[in-house]
Amino acid sequence: MPLPLACTVPRAAINLDATLLSGQSFCWEQDAAGTWHGWIGDFPCRVESTAQGYAVHTRASVPAIESYFGLPFDLGHALGTFPKDPWLAEAAAFAPGLRLLLQEPWETLASFICSAVKRIPQIAQINRALRAEFGPEVSPGLHAFPSPARLAEAGETALRRCGLGFRARNLHVTACQIAAGEVVLAALHDLPTAEARGELMRLRGVGPKIADCVLLFAYGRHDAFPIDVWVERVLRQLYFKRRRVPAARMRRFVETYFGPHPGYAQQYLFHWVRTARPPAAMEKRAPAAKRRKKAA
DNA sequence: ACCCAGGACTGAT
DNA sequence: ATCAGTCATGGG
């Protein structure tokens with residue numbers, strides 16, 4: 001069943017490549033022709049780049065499409081609220097039109113539990129394995145993301161076979177917690193960010209960083225600021241002159257310095273340091289001398 | 001073989 | 001509160 005053309009998004013509205021390559025979502029892949037294949041919730045989606053713009057083929061509704069790609073948000077305004085510093089300006093100029101997506105909470109939560117100490121292509125690989133193994137087949141060969149109940153039922157051992165490693169236990173326990181109603185993801189929309197963050201961190205395998213990713217990428221909380229190894233490095237080297245900074249102070253800095261949309265600034269910085277040719281100031285510090293493992 | 005990856009948890013100071 | 005050790009797996 002071919003996917004119907006739902007709408008055409010003007011190219012000026014979004015930089016689709018940067019958006020889908022910036023590590024927010026792990027359910028999209030680009031074929032050799034440049035066409036994107038992925039999901040908007042449980043609806044398969046294909047996006048072709050045409051002369052008119054991005055042709056979005058899917059059964060999802062147009063409002064759902066616009067919501068998913070974050071189009072209603074006034075990106076130009078947010079960029080204007082960024083502090084005027086040369087690095088953030090370079091990061092923003094590097095990927096004009098990069099947007100934050102607004103994804104489904106459970107899929108986002110589960111995907112980021114799988115993200116711990118993994119590279120982005122491997123997270124996407126785990127995502128595909130979970131879908132193929134446990135997800136409902138919504139059209140021939142296409143599996144939506146499996147529900148919490150399904151992953152809870154599957155068991156830790158079965159999850160481990162999807163290449164999850166030690167994350168299998170975390171994902172399984174969290175799936176059980178969600179299935180049991182211990183944390184209600186739909187209820188987090190009504191909570192202030194700090195409280196929603198606390199709720200997410202009650203889940204196994206969810207600490208500050210993953211909680212912030214879920215808040216930013218699935219709940220539209222632009223006050224969430226995920227600090228991973230890359231962002232921590234860029235903050236320390238650009239804003240703290242490469243000095244070692246206590247985590248609490250770093251947290252206080254990002255909450256005050258970047259203005260009303262710190263999460264957006266974070267996403268531009270993250271994509272920039274990972275994709276652009278890093279300036280000399282961004283080179284990795286010499287690794288601290290690691291003690292030898294015990295010789296056999 | 002060695003190293004690292006969009007971290008979190010645990011048990012020690 | 002901070003801090004090393006540990007947790008599996010895949011790819012360079």
Side-chain angles (χ1 to χ4, degrees), chain A residues 18-28 91 95 98 100-101 103 107-130 133 156-175 177 183 197-218 224-236 244-252 254 262-276 278 282-296:
Chain A
T19 298
L20 295 179
L21 288 170
S22 65
Q24 311 178 53
S25 177
F26 307 101
C27 67
W28 291 88
L98 168 59
L100 287 172
L101 300 171
Q103 305 175 70
E107 178 186 334
T108 307
L109 168 62
S111 297
F112 274 95
I113 286 176
C114 301
S115 79
V117 207
K118 276 288 183 192
R119 298 177 201 227
I120 290 173
Q122 297 174 7
I123 304 167
Q125 186 174 332
I126 290 171
N127 197 291
R128 286 192 296 273
L130 289 173
E133 200 64 32
E156 179 183 331
T157 306
L159 295 184
R160 197 172 289 266
R161 284 185 221 115
C162 293
L164 281 161
F166 65 84
R167 304 154 198 82
R169 180 180 175 220
N170 295 340
L171 182 58
H172 181 244
V173 171
T174 284
Q177 288 179 278
V183 172
R197 192 172 191 252
E199 282 299 295
L200 288 169
M201 288 177 62
R202 293 172 52 201
L203 299 165
R204 176 81 199 190
V206 181
K209 188 268 175 182
I210 291 178
D212 282 339
C213 285
V214 175
L215 289 169
L216 185 60
F217 303 141
F225 195 106
I227 301 179
D228 73 314
V229 292
W230 291 91
V231 172
E232 194 272 345
R233 189 183 303 150
V234 72
L235 291 175
R236 191 183 70 236
R244 220 185 149 287
V245 186
R249 182 176 170 185
M250 184 81 79
R251 175 59 58 186
R252 203 155 38 73
V254 301
Y264 244 106
Q266 177 276 156
Q267 195 62 16
Y268 276 93
L269 287 172
F270 176 78
H271 186 246
W272 175 58
V273 298
R274 294 192 76 262
T275 312
M282 276 304 303
E283 283 162 15
K284 288 189 186 183
R285 240 181 5 177
K290 291 203 166 188
R291 64 275 163 275
R292 296 267 52 197
K293 290 198 169 181
K294 67 174 164 115

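B:dG7 atom P lies 15 Å from atom CZ of A:F225, rounded to whole Å. Put simply, CE on A:M250 is 12 Å from P on C:dT2, counting in whole angstrom units. The separation between A:I126 atom CD1 and B:dG7 atom C1' is 13 Å, rounded to whole Å. Remark: P of B:dG6 and CZ of A:R233 are 10 Å apart, rounded to the nearest angstrom. Atom C1' of nucleotide C:dA8 and atom CG of A:L159 are separated by 14 Å, given to the nearest angstrom. Separating the CG atom of A:L20 from the P atom of B:dG6 is a distance of 18 Å, rounded to the nearest angstrom.
A distance of about 23 Å separates the P atoms of C:dT6 and B:dG6, rounded to the whole Å. C:dG10 and B:dC9: their P atoms are spaced 23 Å apart (whole Å).
Listed by chain and residue number, A:F112 satisfy the ring-ring contact (aromatic ring centres under 6.0 Å, His included) test with A:F26 (two or more places apart in sequence, or in another chain). Shown here are the side chain to side chain contact (heavy atoms under 4.5 Å, CB included) partners of A:R128, two or more places apart in sequence or in another chain: A:E29, A:A124, A:Q125. Here A:K209 pairs with nothing under the side chain to side chain donor-acceptor pair (under 3.5 Å) rule; sequence neighbours left out. Partners of A:R274 by salt bridge (charged side-chain N to carboxylate O under 4.0 Å, His left out), not counting sequence neighbours: none found. A:R169 pairs by the side chain to side chain donor-acceptor pair (under 3.5 Å) definition with nothing, not counting sequence neighbours. Listed by chain and number, the residues in a side chain to side chain donor-acceptor pair (under 3.5 Å) with A:T19 amount to none (sequence neighbours excluded). Residues satisfying the side chain to side chain donor-acceptor pair (under 3.5 Å) test with A:E232, not counting sequence neighbours, are A:R236.
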For nucleotides 9-12 of chain C, which of its nitrogen or oxygen atoms have a protein nitrogen or oxygen under 3.5 Å away, and what is each distance?
residue	atom	partner	partner atom	Å
C:dT9	O2	A:K118	NZ	2.6

Going 5' to 3' through nucleotides 8-13 of chain B and flagging B where a protein heavy-atom sits under 4.0 Å of the base, S where only the sugar-phosphate is that close, and - otherwise, we get SSS---
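No engagement by A:F26 is indicated, since no non-hydrogen atom pair under 4.0 Å with the nucleic acid exists. Across all strands shown, A:S111 has no heavy atoms under 4.0 Å from either base or sugar-phosphate atoms.
For a distance-only test at 3.5 Å, the side chain of A:Q267 qualifies as a donor-acceptor partner of the base of B:dG6.
Stacking of the aromatic ring of A:F270 onto the base of B:dG6 is found: the ring centres lie under 5.5 Å apart and the planes are inclined by under 30°.
The A:P246 side chain lies nearest to C:dT2 when the options are C:dC3, B:dG6, C:dT2.
Taking the side chain as every heavy atom from C-beta outward, A:L130 and A:L171 approach each other to under 4.5 Å. Using a 4.5 Å heavy-atom threshold, the side chains of A:E133 and A:R161 count as separate.
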